[in-house]
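In what follows, every chain begins at residue 1, and chains take the letters A, B, ... in the order their sequences are listed.
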Amino acid sequence: MSARDAAAAVTAPTPSPRANPELLGHEGGEQALLAAARGGRLAHAWLITGPAGIGKATLAFRFARYILARESPGRQGSLLSAQSGEQAAPGDLPGSAAGLFVAPDHPAFRRVASGGHADLLTVERGFDERRDRLRREIVVDDVRSIGAFLGQTPAEGGWRIVVVDSADALNRNAANALLKVLEEPPDKALLLLISDTPGSLLPTIRSRCRRLALQPLAMDIVTTLLARYQPQLEEAERTAVAEIADGSIGRALALAGAGAAHLHRDIGRVFLSLPALDVAALHRLCDDVLKQKDEGFAVLAGLIRWWLAGLARHAAAGSAGRTGAEEAGARAGLDALAGAAPLDCWLQVWEKTERLLAVVDSANLDRKQVLLSIFLDIAATMRR
Amino acid sequence: MKLTLDHAALLKALAHVQSVVERRNTIPILSNVKVEADSEALRLTATDMDLDVSEATGADVAKTGATTVPAHTLYEIVRKLPDGAQIEIETASGGQQMVLRCGRSRFTLASLPVEDFPVMTAGELPHAFRLSARDLCGLIDRTRFAISTEETRYYLNGIYLHEIKHGGADVLRAVATDGHRLASVEVPLPEGANGMPGVIVPRKTIAELRKLIDESDDQIEVGLSTTKIRFAAEKAVLTSKLIDGTFPDYERVIPTGNDKTLDVACKAFSAAVDRVSAISNDRSRAVKLAMTNGTLVLSATSPDSGSATEELEVNYRGEALEIGFNSRYLLDITQQIGGEEARFSIADAASPTILQERGDSGAIYVLMPMRV
């Protein structure tokens, strides 16, 4: 099972990116790819960037399908009828573009979705059999398979496409091995790199790819999708989740699945009671969250990040720093909290927290201790 | 889909195709074999996305259709069913299952839709010719040992099959090299192969092909284009991708002016090399060949284990010469030489040496010496 499939299993009915026929809110990106493909001067490598969970992989697979379907010989008729089928379908969602659309019953779509398309290679974190879990990074052997793949002629006669999901997970050796391919790709080869944090990639990789930056989704798209995939959510919860998701449907679904609306309220209480920290309540909260294993911790970590980012923003710009994405209650609270310490202190706390959260898994830290120390640190900053 | 067929026919076809399916697969559809029934035959297809093997076998088809089921599970089942039994295969649950009945056994296999199964489009194969299985085996067996496994020079990871003029006649030649040794074997150009493009057939395809054919007089139909190759033997058909690269101009490394010749009795020589190499160290495996008029002294030394020498009567006239080779490479080549005598053509201790079977100009092996 791949990382994506695992994530999809958590948030039950959402299709994985390779099987999702729909993409919302990225018409600009889609048109850019479409124009490049139609213009006949397609860049051999694209770096698709943007926050996690907004549809980068979905766009990459969508584009791959478009190219593969267009190229598969003798199936033009099927592709055209697929497009007219799309127009006939009820356009119940805002901004669904027909540009790169390939109908889910198109042969190329089916094979891409099943992982059985011989001209599409997906490089993701592999499964570590010794440890019986997914690897934490993409290792060099995974990347070398690209060389072998591109070293052979295409199976269906058209393009050979490699999707690297995500380039952030490449370790140093793997990144260097990828460079070799990026430097000298063969004819009719297309590499689609997906990255949440392009700044952390090797500059040499960045400079060899055409950059396609996707923006966070608009609020109404997130709420529409939430209503579809998590219909049991109440209106208020949905809005709350959409607000803290910062335009990422992936994040919104993860949050909603983990009951983040309640957690958001609880953690909000802890933040708003600062600097007087109710340690007993905090212990209870941490215990509750950690009962849900990895998922709960990830959600809480996300929420802490969201609060700290909000605090830093408010400290930097005062009330002008509002993004409008915060609830009224939280907004007033944020103003008060942010005023308690100067900007550089908030940035320091933010950075330190990020660093801590980033090594929790690799250093196998005690998660409860990590959470407690983050809050103690914030309280200390405010008291200073 | 519903059909009945003989146990033996199904087992044979399945045995041929199932080896292509990789044992460990993270993608479920790739562990499956495609089972297709048309009006009179059952066709099984297995793939690893680089090549596919398909085989048809006669069956009593009641209802046509297609599905995919786990290849290794199906093979295990069929292997364990009694000889001479009749097997009944039927799809069930709206295509989500395939039921296999035999006597009083009944198996239900989870199936995946056939639309999800990888496709290897051969497209048009403009060049087609027939080759006897014996010739094809000869081309493969005598060259495959030299195929490179190095990934950076991916264009050497296969056998280069091409048409060329040699000694005034058109020939079909197979060449493989890993940069240390080169094997080149040819057969008369089959009818229809004129103007074929030179293609590099990947190592894995070679291995799978060799499992399908044996040294017989059966005719193998070969079809190829610049991107695909297809071998059709009797009922089994193998279609494969090719290596997308340019094979280096290998003829430049085959020396033409080597003036010293050394003739050895192949079997005795190879046994002697094998014995002497026991002493040479594991990494370099070097043996030294010291030749004077009429004698050859093989020797190996190793600082750890000691030294070995062996003397052989050979046919050599000329100045004394010492040259070193990797014993593994020497043995690989002498194993391919079926005849009595092998001939070395040597220029000096630092230049490529040619090995050939005496009286057979169809196969040439080039070996780089080692400094010893």
Exceeds 12 heavy-atom contacts within 6.0 angstrom, atom [atom1] of [X]:
| X | atom1 | value |
| --- | --- | --- |
| B:Glu251 | CD | yes |
| A:Asp187 | CG | no |
| B:Glu76 | CD | yes |
| A:Lys180 | NZ | no |
| A:Glu183 | CD | yes |

How many angstroms lie between [atom1] in [X] and [atom2] in [Y], if you round to the nearest 0.5 Å?
| X | Y | atom1 | atom2 | answer |
| --- | --- | --- | --- | --- |
| B:Lys241 | A:Asp119 | NZ | CG | 5.5 Å |
| A:His117 | B:Ile29 | NE2 | CD1 | 13.5 Å |
| A:Leu121 | B:Met49 | CG | CE | 7.5 Å |
| B:Ile27 | A:Ser114 | CD1 | OG | 8.0 Å |

- prompt: So, are B:Arg24 and A:Glu129 salt-bridged, with charged N and O less than 4.0 Å apart?
  reply: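 Between A:Glu129 and B:Arg24 there is a salt bridge, with a charged N closer than 4.0 Å to a carboxylate O.
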
Can you tell which part of [X] gets under 4.5 Å to a heavy atom of chain A, answering side chain, backbone, both or neither?
| X | answer |
| --- | --- |
| B:Thr226 | backbone |
| B:Glu151 | side chain |
| B:Phe117 | backbone |

field: Residue among A:Lys188, A:Gln152, A:Arg160 satisfying side chain to side chain donor-acceptor pair (under 3.5 Å) with B:Asp244
entry: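 The residue from A:Lys188, A:Gln152, A:Arg160 that satisfies side chain to side chain donor-acceptor pair (under 3.5 Å) with B:Asp244 turns out to be A:Arg160.
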
message: I'd like to know which of A:Gly147, A:Gly115, A:Ala113 tops the heavy-atom pair count under 4.5 Å against chain B.
response: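 Most heavy-atom pairs under 4.5 Å with chain B: A:Gly115.
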
Heavy-atom closest pair, residues B:Leu30 and A:Gly116: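 Closest approach of B:Leu30 to A:Gly116: CD2-CA, 4.5 Å.
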
message: Between B:Lys228 and A:Pro154 (side chain of the first, backbone of the second, donor and acceptor by atom type, cut-off under 3.5 Å), is there such a pair?
response: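 It does hold such a pair.
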
- prompt: Taking the side chain from B:Thr227 and the backbone from A:Thr153, do they hold a donor-acceptor pair closer than 3.5 Å?
  reply: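 No: the side chain of B:Thr227 does not pair with the backbone of A:Thr153.
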
field: Min side-chain heavy-atom separation B:Asp116-A:Arg111 under 4.5 Å
entry: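 B:Asp116 vs A:Arg111: side chains apart.
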
